[in-house]
K.L.:
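Handing you a structure now.
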Amino acid sequence: MASIVCPKLGGFPANCRQSELHRIQYLEKNMYTVWENRGFSGFQKTTKTRCALATDVSLKPSTPLNEKDSMLANYVPIYVMLQLDIITNDNVVKDKEGLEKQLKRLKEAGVDGVMCDVWWGIVESKGPKAYDWSAYRTLFQLVQDNKMKLQVVMSFHQCGGNVGDVVNIPIPQWVRDVGVTDPDIFYTDRSGNRNEEYLTIGVDNRPLFSGRTTIEMYSDYMKSFKENMVDFLEAELLTDIEVGLGPAGELRYPSYPQSQGWAFPGIGEFQCYDKYQKADFKEAATKVGQPEWELPIDAGEYNDKPEETGFFGSKGYLSEKGKFFLTWYSNKLLIHGDQILDEANKIFVGCKVKLACKISGIHWWYKDETHAAELTAGYYNLSDRDGYRPIARMLSRHYSAFNFTCLEMRDYEQPVSAKSGPQELVQQVFSAVKREEGVMAGENALERYDRKGYNQILLSVRPNGVNRKESPKLKMEALTFLRLGDGLLLKKNYNLFKTFVKKLHADQAYCPDLRKYSTVVPLERSKPKIPIEELLEATERLEPFPFDDQTDMSVGGALDDFIDDLFNMIPFF
């Protein structure tokens with residue numbers, strides 16, 4: 001087992017006394033016992049497999065390709081996100097005629113499909129198990145009639161309070177009503193501020209909601225979705241079911257909410273001060289002989305810099321207690337995702353869909369030794385500890401894609417003071433997913449319609465370019481593009497977007513047959529549960545796979561922008 005605290009992986013000072021090292025190894029060993037005693041003994045031992053190299057990993061299309069179609073192995077499908085409020089709070093399709101016109105424009109551009117959030121706060125708004133799928137059925141039928149594919153997100157979070165949110169769709173009122181008498185069902189920061197975006201991990205397995213636990217509510221919702229959308233599933237309209245696992249649908253803590261005053265590039269705050277998580281941490285610390293340990297009180301506020309805090313600036317995160325806390329905090333997130341994805345897999349097993357999970361691209365402070373913004377979000381990632389491979393290993397057991405954001409960003413576009421590293425972060429994550437034999441997909445984090453952004457996305461999805469004989473060893477399964485709206489369909493933006501789509505398709509014509517560039521098979525049942533020890537073996541930080549400096553499928557540069565500007569002044573172009 002790779003130690004989570006040895007100098008190689010956790011950064012414990014090399015000159016530490018031998019007795020201190022033995023003490024930490026004792027704590028590490030006993031932490032696993034704590035998790036088992038807390039009801040997580042389901043992580044059964046499995047047969048180890050070696051980590052895959054990039055040369056070992058290749059997603060082969062279902063249909064053998066002839067020489068003429070061999071370039072289709074480089075084809076990356078694109079799904080455009082629909083508007084957040086395409087289904088209104090009143091549970092109707094917003095501007096159906098207008099949407100149909102927009103879908104036709106996407107179809108003309110060669111887009112493969114669209115993505116939509118399926119909001120818990122809309123579908124189950126009337127009361128427990130009082131589901132109303134009618135508006136979504138209308139929407140799905142419209143997409144099907146336009147001969148497009150569909151990605152859906154099981155959106156168990158609130159819309160509103162995050163970057164890019166201009167719509168407010170809260171979680172169901174009857175769920176929030178429980179929080180009137182028990183506000184600890186919501187994530188809580190050190191100052192006691194509650195965040196109603198998503199229910200805290202602390203109540204995952206507590207029957208506080210009309211006798212149901214959080215996990216049971218999510219499971220029942222997905223079961224009802226499947227029962228009511230079985231015809232669309234059988235028709236293979238749906239390609240991906242992304243399971244929302246946190247705020248903004250991402251597997252993370254709500255550490256940087258704009259609704260709480262956060263502004264880029266603040267480090268954010270830890271979100272584990274509800275009574276349920278506080279009790280869980282206290283029990284875990286007591287089990288390893290440290291009942292006096294408390295949750296951090298010196299980790300700063302949302303908009304602090306790392307050096308302004310004791311936990312980060314004074315190296316508290318590298319102390320014995322700091323490592324214990326961060327291991328506990330990040331593994332709660334792993335267990336949360338594993339439980340819900342296991343439920344999703346049981347429900348959709350046998351359907352010809354892929355599961356997916358979105359992970360946030362927290363690129364600010366990535367080049368700072370503390371990685372503070374990642375740590376507060378639950379990604380225990382340091383220069384000598386990989387915080388993403390354990391997530392990738394967990395997702396791979398459920399055949400779930402790892403959907404990562406910030407593909408469009410370059411380091412030099414970020415303020416130097418933020419110590420951002422989006423390019424290196426994407427490289428690390430892509431390498432981690434492939435080493436765990438996982439499926440990689442991605443999104444852009446911000447709305448952009450410029451050549452620099454498009455070229456960076458094209459590099460991110462095929463970081464070593466196209467392969468004219470077979471599928472590239474490094475290629476994303478799909479791109480989900482943010483977002484459909486008037487901005488995208490403006491003449492200048494739309495014309496360049498069409499070129500971008502063609503380059504994603506490796507200069508190939510739109511291909512309606514997914515089997516020619518991807519796998520289309522019934523979802524298999526999740527592999528055996530992975531012990532927490534084996535998940536943590538994946539924290540060993542390895543060199544990322546090399547990425548090219550530029551894409552070989554460029555949409556052009558500054559000269560092309562100049563020419564476009566000239567043509568866009570001519571009305572008939």
Side-chain angles (χ1 to χ4, degrees), residues 2-31 189-191 252-253 255-256 262 265-273 278 281-282 284-285 288-333 362-390 416-421 424-425 428 536 539-541:
S3 172
I4 60 172
V5 293
C6 70
K8 180 178 180 183
L9 301 179
F12 195 83
N15 61 351
C16 66
R17 298 191 306 271
Q18 190 66 30
S19 60
E20 289 176 320
L21 184 57
H22 288 161
R23 174 177 172 76
I24 293 180
Q25 288 171 339
Y26 167 81
L27 293 174
E28 174 188 323
K29 178 180 178 181
N30 282 276
M31 181 174 279
D189 64 22
R190 186 176 58 84
S191 300
R252 64 173 175 86
Y253 293 90
S255 56
Y256 53 98
W262 175 86
I267 61 174
E269 292 192 30
F270 291 113
Q271 302 288 319
C272 53
Y273 297 87
K278 286 171 72 173
F281 178 79
K282 177 60 70 174
V288 296
Q290 297 290 347
E292 74 282 4
W293 279 354
E294 301 287 349
L295 296 170
I297 59 172
D298 59 348
E301 298 180 348
Y302 288 109
N303 294 316
D304 283 343
K305 298 177 181 178
E307 65 269 19
E308 296 172 339
T309 75
F311 188 79
F312 297 111
S314 299
K315 310 297 184 188
Y317 71 102
L318 294 178
S319 69
E320 181 180 327
K321 182 173 74 171
K323 288 175 180 291
F324 183 87
F325 164 71
L326 290 171
T327 302
W328 170 84
Y329 189 70
S330 59
N331 276 285
K332 293 288 289 184
L333 203 63
I362 301 179
H363 55 87
W364 55 105
W365 304 112
Y366 181 84
K367 291 186 176 180
D368 186 82
E369 63 179 349
T370 67
H371 289 248
E374 291 169 275
L375 298 191
T376 58
Y379 305 146
Y380 190 3
N381 189 55
L382 297 171
S383 60
D384 53 2
R385 187 188 195 279
D386 196 325
Y388 300 100
R389 271 183 62 208
V416 174
S417 59
K419 296 187 179 180
S420 287
E424 292 83 357
L425 176 58
Q428 178 194 344
L536 294 184
T539 59
E540 182 181 6
R541 189 70 177 264

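Numbering starts at 1 and runs along the sequence shown.
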K.L.:
If every non-hydrogen atom of Pro306 is compared with every non-hydrogen atom of Ala372, which pair is closest and at what distance?
P.N.:
CG-CB, 3.9 Å
K.L.:
Would you say the rings of Phe270 and Tyr329 are close, in the sense that their centroids are separated by under 6.0 Å?
P.N.:
yes
K.L.:
Going by ring-ring contact (aromatic ring centres under 6.0 Å, His included), name the residues that satisfy it together with Tyr317, two or more places apart in sequence or in a different chain.
P.N.:
none
K.L.:
Mind checking side chain to side chain contact (heavy atoms under 4.5 Å, CB included) for Ser191 and listing every partner two or more places apart, or none if nothing turns up?
P.N.:
Asp189, Asn193
K.L.:
Which word best sums up how the rings of Phe324 and Trp293 line up, parallel for under 30°, tilted for 30 to 60°, or perpendicular for over 60°?
P.N.:
tilted
K.L.:
Strictly distance-based, threshold 3.5 Å: is any side-chain N or O of Arg385 a donor or acceptor partner for the main-chain N or O of Glu540?
P.N.:
no
K.L.:
Excluding sequence neighbours, so at least two apart, what forms side chain to side chain contact (heavy atoms under 4.5 Å, CB included) with Ser420?
P.N.:
Phe264, His363, Trp364, Gln414, Ala418, Pro422
K.L.:
First locate atom CG of Leu326, then atom NZ of Lys321, and finally report the distance between them rounded to the nearest 0.5 Å.
P.N.:
11.5 Å
K.L.:
Got a donor-acceptor contact below 3.5 angstrom from the Asp304 side chain to the Gly300 backbone?
P.N.:
no
K.L.:
For a side-chain contact (heavy atoms from CB on, under 4.5 Å) check, start with the C-alpha distance between Ile267 and Thr309, then their side-chain angles and the critical distance, and finish with the verdict.
P.N.:
CA-CA 10 Å; Ile267 61 174; Thr309 75; 3.9 Å; yes
K.L.:
Applying salt bridge (charged side-chain N to carboxylate O under 4.0 Å, His left out), can you list everything that pairs with Glu308, at least two apart in sequence or on another chain?
P.N.:
none
K.L.:
About how many Å separate CG of Leu375 and OG of Ser330, when rounded to the nearest 0.5 Å?
P.N.:
9.0 Å
K.L.:
Which atom names give the shortest non-hydrogen contact between Ser319 and Gly316, and what distance separates them?
P.N.:
OG-O, 2.7 Å
K.L.:
Just jot down the side chain to side chain donor-acceptor pair (under 3.5 Å) partners of Asp368, sequence neighbours excluded, or say none.
P.N.:
Thr370, Lys419
K.L.:
Does any non-hydrogen side-chain atom of Arg190 lie less than 4.5 Å from one of Ile297?
P.N.:
yes
K.L.:
Can you tell me how far CH2 of Trp365 sits from OG of Ser417, rounded to the nearest 0.5 angstrom?
P.N.:
6.5 Å
K.L.:
Apply the test salt bridge (Lys or Arg N to Asp or Glu O under 4.0 Å) to residues Glu294 and Lys282: give CA-CA distance (whole Å), side-chain angles for both, the deciding distance (0.1 Å), then the verdict.
P.N.:
CA-CA 7 Å; Glu294 301 287 349; Lys282 177 60 70 174; 2.8 Å; yes
K.L.:
Distance from Leu333 atom CG to Trp328 atom CH2, nearest 0.5 Å?
P.N.:
11.0 Å
K.L.:
With a 4.5 Å heavy-atom cut-off, do Phe325 and Cys272 have their side chains touching?
P.N.:
yes
K.L.:
With sequence neighbours excluded, tell me which residues meet salt bridge (charged side-chain N to carboxylate O under 4.0 Å, His left out) with Lys278.
P.N.:
none
K.L.:
Counting N and O atoms only, with roles assigned by atom type, does the side chain of Trp262 sit under 3.5 Å from a partner on the main chain of Gly266, one being a donor and the other an acceptor?
P.N.:
yes
K.L.:
Find the distance between CG (Leu382) and NZ (Lys323) and round it off to the nearest 0.5 Å.
P.N.:
7.0 Å
K.L.:
Mind running side-chain contact (heavy atoms from CB on, under 4.5 Å) on Thr376 and Glu269 for me, showing each step along the way?
P.N.:
CA-CA 6 Å; Thr376 58; Glu269 292 192 30; 5.8 Å; no
K.L.:
Run the ring-ring contact (aromatic ring centres under 6.0 Å, His included) test against Phe312 and tell me which residues pass, sequence neighbours left out.
P.N.:
none
K.L.:
Please identify each residue that fulfils side chain to side chain contact (heavy atoms under 4.5 Å, CB included) with Glu307, with sequence neighbours left out.
P.N.:
Lys305
K.L.:
Just to verify, what does Glu424 make a salt bridge (charged side-chain N to carboxylate O under 4.0 Å, His left out) with, not counting sequence neighbours?
P.N.:
Lys367
K.L.:
Do Tyr388 and Glu374 have a side chain donor and acceptor closer than 3.5 Å?
P.N.:
yes
K.L.:
Just jot down the side chain to side chain donor-acceptor pair (under 3.5 Å) partners of Gln428, sequence neighbours excluded, or say none.
P.N.:
Tyr366, Asn381, Asp386, Arg541
K.L.:
How long is the span from the OH atom in Tyr256 to the CD atom in Gln271, to the nearest 0.5 Å?
P.N.:
11.5 Å
K.L.:
Are Pro390 and Tyr379 close enough that some pair of their side-chain heavy atoms sits under 4.5 Å apart?
P.N.:
no
